[in-house]
Protein chains: 2
Amino acid sequence: MSPTRIPEATVARLPVYLRALNALLEGDIRTCSSEELATAAGVNSAKLRKDLSHLGSYGTRGVGYDVEYLRYQISREIGLTQDWPVVIVGIGNLGHALANYSGFSSRGFRTVALLDADTSRHGELVAGLQIRPFTELAAIVREHGVAIGVIATPAAAAQSVCDSMVGAGIRSILNFAPSVLSVPEEVDVRMVDLSSELQILAYHEQRKSNGGPDLEGVPA
Amino acid sequence: MSPTRIPEATVARLPVYLRALNALLEGDIRTCSSEELATAAGVNSAKLRKDLSHLGSYGTRGVGYDVEYLRYQISREIGLTQDWPVVIVGIGNLGHALANYSGFSSRGFRTVALLDADTSRHGELVAGLQIRPFTELAAIVREHGVAIGVIATPAAAAQSVCDSMVGAGIRSILNFAPSVLSVPEEVDVRMVDLSSELQILAYHEQRKSNGGPDLEGVPA
DNA sequence: AAGAGTTTGTGAACGCGAGAACAAACTGAG
DNA sequence: CTCAGTTTGTTCTCGCGTTCACAAACTCTT
Ligand SMILES: NC(=O)c1ccc[n+]([C@@H]2O[C@H](COP(=O)([O-])OP(=O)(O)OC[C@H]3O[C@@H](n4cnc5c(N)ncnc54)[C@H](O)[C@@H]3O)[C@@H](O)[C@H]2O)c1
Ligand SMILES: NC(=O)c1ccc[n+]([C@@H]2O[C@H](COP(=O)([O-])OP(=O)(O)OC[C@H]3O[C@@H](n4cnc5c(N)ncnc54)[C@H](O)[C@@H]3O)[C@@H](O)[C@H]2O)c1
């Protein structure tokens with residue numbers, strides 16, 4: 001069905017399109033043009049069309065796209081038609097927020113376990129799940145067929161947790177700890193670095209202030 | 001001092017280099033080669049050198065980089081030598097975690113206010129700050145000279161919160177709500193979409209399972 | 001049925017970023 | 001001082017992603 005590999009940049013935008021399509025459906029809009037969908041997703045319409053063309057020809061010329069049909073096709077392409085068990089390791093401030101986040105489960109991601117090394121937290125109920133010892137990782141992965149792991153521990157523990165995850169058979173990791181993880185070739189790591197995001201904003205903000213009114217900060 | 005514009009891809013990596021340099025300094029390493037720093041940052045050494053060359057010539061051929069000096073130069077370039085007041089709007093699960101996160105304040109980002117529309121939360125103490133009414137936004141921005149705002153409200157409220165921020169004079173926004181924000185030209189928005197990250201992992205995971213052993217799912 | 005009006009899918013041009021490869025510049029030994 | 005060794009800064013090439021522009025394909029009116 002999808003013989004060609006989809007460009008990475010396109011893959012990263014598919015979830016955005018999916019969100020836009022869901023929003024349209026909630027407004028009872030059954031059909032949309034690439035222009036409308038692109039606006040809703042915040043991208044160029046040409047880019048959107050090219051992205052979608054990588055999945056196949058799901059639109060109709062002169063008409064547009066059937067919202068529900070396109071949503072299904074994108075979901076299938078990403079793999080959201082199946083259910084993905086997820087484990088979260090490190091149930092501190094961030095881990096709590098993630099465990100309570102409904103946006104994950106609503107998209108086919110099912111948190112099957114919350115793990116923490118701190119014994120004093122074991123048994124504590126978070127979002128309907130008990131916090132369990134980190135040592136149970138391998139058993140849980142095996143039992144539920146977990147493929148995706150989330151790391152929300154301090155940076156110092158991240159690599160070690162990562163190694164255990166890989167050892168247990170997890171092949172996709174979402175890392176919130178500000179730490180570069182080294183993993184085997186076949187394992188995917190995506191890093192979410194909130195501090196970096198703020199720093200990038202700060203860089204541009206500084207540029208706006210300095211480069212704006214006067215070029216040099218020192219007057220004659 | 002920095003006449004040429006720095007490529008966006010480079011800007012996005014500077015915070016990573018900064019982290020790596022901090023880690024080296026903690027290990028009392030005063031000097032490093034591009035190779036060492038690149039390994040610590042998880043990038044190619046040629047890329048690192050090219051990135052740094054955009055800031056200036058801060059290394060010494062045959063020797064390498066002075067860790068502390070380079071760290072200062074990158075900090076200055078990003079704008080971390082000054083202090084950035086930040087407001088967080090929407091103190092729910094995620095807002096709490098962000099407010100409690102020490103990684104922000106340690107890098108020159110100072111949370112000056114936590115705002116929420118829910119009156120029943122006002123006055124509640126989070127990370128040493130009282131939750132205040134959202135209506136005080138403009139006054140707080142004016143008083144503290146806030147340039148950076150963080151949105152951690154539900155998606156339905158995000159655009160409205162964003163508009164208020166822009167109206168109050170905020171020009172850089174970090175958005176955690178899964179919602180495309182429309183802003184004037186001069187305002188920067190960075191989106192952190194955790195759900196998208198998981199979906200991207202799922203896509204690759206699906207590929208690994210299907211495309212791995214056999215090319216077609218159906219044997220002869 | 002034909003033609004005007006729409007909208008998709010794609011070919012082609014362009015620009016940016018990644019990586020290899022090398023010259024310039026520094027250190028240190030003899 | 002000279003020369004070998006090291007490491008940076010930069011040039012060059014290549015590939016990817018973005019955008020424009022247009023032909024192909026569809027609808028609807030007359
Ligand atoms: N809180 C935020 O908003 C925020 C924002 C950006 C990044 N982060 C990063 O996310 C990570 C977690 O942040 P946090 O604020 O939740 O920290 P936290 O200290 O509140 O929670 C960390 C949790 O990890 C557990 N832990 C420690 N070592 C472990 C190990 N080896 N195995 C399993 N569990 C272990 C601890 O017991 C604790 O419960 C940190 O790396 C932080 O830098 C957090
Ligand atoms: N919790 C997570 O881990 C997580 C992960 C990814 C994304 N998100 C996104 O982050 C946002 C917040 O998530 P959450 O789990 O903290 O939700 P939450 O419901 O716990 O918190 C939202 C807060 O925003 C406040 N609020 C609502 N409307 C407001 C308005 N107009 N002005 C000011 N404040 C307002 C609410 O009173 C509430 O306190 C959501 O958009 C969610 O999709 C959360």
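Order of the sequence lines sets the chain letters (A, B, ...), proteins ahead of strands, with each chain counted from 1.
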Rounding to an integer number of Å, can you tell me how far B:Leu70 CG sits from D:dT7 P?
16 Å

Mind checking A:Glu8 for me? I need base, sugar-phosphate or nothing, with any heavy atom below 4.0 Å counting as a touch.
sugar-phosphate

Per B:Ser53 side chain, nearest of listed nucleotides C:dG9, C:dT8, D:dT10:
D:dT10

For a quick test of reading the model: is some side-chain N or O of A:Thr60 closer than 4.0 Å to OP1 or OP2 of D:dC26?
no

For B:Arg49 and A:Asp51, take the nucleotide of DNA chain D holding the closest heavy atom to each; which residue's nucleotide lies nearer the 5' end?
B:Arg49

Looking at the side chain of B:Ser33, which of D:dT19, D:dT7, D:dC12 is the nearest nucleotide?
D:dT7

From C:dA18, C:dA24, D:dT18, pick the nucleotide closest to the side chain of B:Lys47?
C:dA18

Take atom CG of B:Leu52 and atom C1' of D:dG9, then tell me their distance rounded to the nearest Å.
10 Å

Take atom CG of A:Asp66 and atom P of D:dC26, then tell me their distance rounded to the nearest Å.
16 Å

With a 6.0 Å cut-off on the ring centroids, do A:Tyr72 and A:Tyr69 count as close?
no

What is the distance from CG of A:Leu48 to P of D:dT18, rounded to the nearest Å?
12 Å

Among the nucleotides D:dG9, C:dG19, C:dG11, which one has an atom lying closest to any side-chain atom of B:Asn44?
C:dG19

Can we say B:Arg171 and B:Glu186 salt-bridge, meaning some charged N sits less than 4.0 Å from an Asp/Glu carboxylate O?
no

If you take all heavy atoms of A:Ala152 and A:Leu98, which pair is closest and at what distance?
CB-CD1, 4.4 Å

Gap between atoms NE2 and P, on A:His54 and C:dG9 respectively (whole Å)
12 Å

Hey, is the side chain of A:Lys50 pairing donor to acceptor with the base of D:dT19 inside 3.5 Å?
yes

Within this structure, what is the OH-to-C1' distance between A:Tyr69 and C:dT8, rounded to whole angstrom?
15 Å

Any side-chain N or O of B:Tyr65 below 4.0 angstrom from OP1/OP2 of D:dG9?
yes

Given that B:Val63 and A:Glu35 both sit by DNA chain C, which one's nearest nucleotide is further toward the 5' end?
A:Glu35

Can B:Glu77 and A:Arg207 be counted as an ion pair, charged N to O under 4.0 angstrom?
yes

Derivation and outcome, side chain to side chain donor-acceptor pair (under 3.5 Å), residues B:Glu205 and B:Ser209:
CA-CA 6 Å; B:Glu205 190 64 39; B:Ser209 309; 4.5 Å; no

For D:dT18, does OP1 or OP2 lie under 4.0 Å from any side-chain N or O of A:Arg13?
yes

Interatomic distance, A:Arg61 CZ vs D:dA25 C1' [rounded to whole Å]
5 Å

Using whole Å, report how far CD1 of A:Ile6 lies from P of D:dC16.
16 Å

